[in-house]
Each structure stands twice: as C-alpha cells, then as structure tokens.
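Input: a single structure, listed below in structure tokens.
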Amino acid sequence: MENPLLLFPQLNISASKDKSYYKVMKSTIKEEPHKASKPGAKQKRNRLSLLLQKSEFQEGDRLGKPGNLTKAASVSPEEAVKWGESFDKLLSEKAGLDAFTKFLKTEFSEENIEFWIACEDYKKSKTAHELLPKAKTIYETFIQKDAPKEVNLDFQTKEVTSQNIEQPIITTFDAAQNTVYRLMEQDSYPRFLRSDPYLNLVKGRNPSRPTLRRRSRSFTVNDFQGVRPDFTIW
C-alpha cells in the first residue's frame, strides 16, 4: 500500500495536531475563570444560610416559646404577684399583657387576646368615619365563619354582631368582647397563674432558661394492674 503522504502531499498532519492542541488549551483557559468563581458562589450560599437561620430564630422567638415568655420584660416579683390579684389587673399592665399573650401562643389560642386588643383599639376611634373599616377588618378576621383567627362565640352573640356590622357603632363588638374576656378569665388565666414562667417571675428566678412542656398524664399505674404482657408482638 502506498504512503498516503505521497498521494496527498497537501495533507499536513502536524497542523491538524496543532489545531487539536489549540482547541484543548482554549477550553482549558475558558474553564479557569469558572473555577475561580466557585468560592464566591459558596460564600453567597453561606451568607444565605446564615440569614435563613437568623430568620428562623427570630420567628421562633416571635411565636413565644415557653422559655421566652418573659425574657424581654424586666418584671419584679412584686409586680408579678399583682397580676394574680385579678385578670383585669393583668391586662391593664403592658408587661402583664405581653406575658399573657405569649403564654396563649404556647397554647395556640392567641386569637382570643388579639381579638380583645382589636376591640379595645376599635373603641378608641374618634370619628364615625374610622369605625366602618375597623369594624369590617375585625369581623373578617375574628368573627365571620372560617375567619383566619375565628374566636369561639355562641350563636346568638355572633348573629347580633353580624347584623350590626353594616352600620357599626362604638358598642358593636361589646357583647363578643365580653364573651371572649370571660372565656380567657375562666379558662386561660388560671392556667397562666400555674405556669412555670409566671411562677418563676413570682419567685424572682431567671425566666430565660427554657422549661419543658409537660405532657398530660393519660393513665396511672392502677390502669396496668392485672394486665399480662403480650410477648407475641415482639
């Protein structure tokens, strides 16, 4: 077989190799800046992760975990004792209202105190022009069926409030507010006074240390007397 170089003298194999080598070198040069940019992207991801962690921490603190109920407030034992005198005394002081609100958040019933606060603000309206938008917001947030923060009202109270919402006056929400007030006073308030964060305040202890939420005791030792273990389940 004849040498291909003799048949095709114009064929330059070395030139072809040079072109291939150039292409490889060119692609390598293009990849270098990309590699250099990786640390920058990694730093951005780290910064984003830190921001997310900070946001989650702030969100958890906002929700009022048991150990943080009174962390932000400097309350003396004497002041805390006064909160136990009456429910009205507790709500009349800002620190007491804040502590009780955070306690309700741990029980997932903060809509009650938020509704009460909204009603107090509503009654401070100075003109009739302010009443309608406020009344509509309160009704749609707390009272109407399937409201995002619907409070527990009896049928009659809810019906009367719904009828008066078209032409609201200062006393439009009085009946509903009184119902929710009595509910908190008779149900949530006694539990608040028995809670660890409140008792720690009364005793002058540091409330910043987290306290464990106790599970309700569903059954006692007597429930197991006379019951034989079933080992077949293992």
Which heavy atom of Gly204 sits nearest to which heavy atom of Pro77, and what is that distance?
CA-CG, 3.8 Å
In short, Glu114 meets Lys149 closest at the heavy-atom pair OE1-NZ, 2.7 Å
Taking NZ, NE, NH1 and NH2 as the nitrogens, is one of them in Arg191 or Glu107 under 4.0 Å from a carboxylate oxygen of the other?
yes
Are any side-chain N or O atoms of Thr172 and backbone N or O atoms of Ile169, one a donor and one an acceptor, separated by less than 3.5 Å?
yes
Are Leu193 and Val81 connected into the same hydrophobic cluster when the rule is that any two of I, L, V, M, F, W, Y join if their side-chain heavy atoms are below 4.5 Å apart?
yes
Using the side chain to side chain contact (heavy atoms under 4.5 Å, CB included) rule, pick out the option among Thr141, Val180, Leu183 that qualifies with Val151.
Val180
Would Lys158 and Asp154 pass as an ion pair if we require N to O under 4.0 Å?
no
Check whether Leu153 and Val160 end up in the same hydrophobic cluster, where Ile, Leu, Val, Met, Phe, Trp and Tyr are linked by side-chain heavy atoms less than 4.5 Å apart.
no
Side chain to side chain donor-acceptor pair (under 3.5 Å) between Ser162 and Tyr139, intermediate numbers included
CA-CA 8 Å; Ser162 300; Tyr139 179 77; 3.3 Å; yes
Give a yes or no on whether a salt bridge exists between Glu130 and Lys124, defined as a side-chain N under 4.0 angstrom from a carboxylate O.
no
Spell out, yes or no, whether Ile143 and Ile170 are grouped together once hydrophobic residues are joined by side-chain heavy atoms under 4.5 Å, including indirect joins.
yes
Suppose we screen for salt bridge (Lys or Arg N to Asp or Glu O under 4.0 Å). Which residues come up paired with Lys94, at least two apart in sequence or across chains?
Asp98
Just checking Gln156: does its CD atom have more than 12 heavy atoms from other residues, nucleotides or ligands closer to it than 6.0 angstrom?
no
According to side-chain contact (heavy atoms from CB on, under 4.5 Å), who are the partners of Asp121, at least two apart in sequence or on a separate chain?
Lys134
Under 3.5 Å donor-acceptor, Thr179 side chain and Ala175 backbone:
yes
Is it true that, when you exclude Glu120 itself, more than 12 heavy atoms of the residues, nucleotides or ligands shown sit nearer than 6.0 Å to its CD?
yes
List the residues meeting side-chain contact (heavy atoms from CB on, under 4.5 Å) with Ile113, not counting sequence neighbours, and say none if there are none.
Leu91, Leu97, Phe100, Thr101, Leu104, Trp116, Ile117, Met184
Name the orientation class of the two ring planes belonging to Phe87 and Tyr189 (parallel below 30°, tilted from 30 to 60°, perpendicular beyond 60°).
tilted
Take a 6.0 Å sphere around CG of Asn178 and say whether it holds more than 12 heavy atoms from other residues, nucleotides or ligands.
yes
Note, Glu93 side chain near Glu79 side chain (heavy atom, < 4.5 Å)
yes
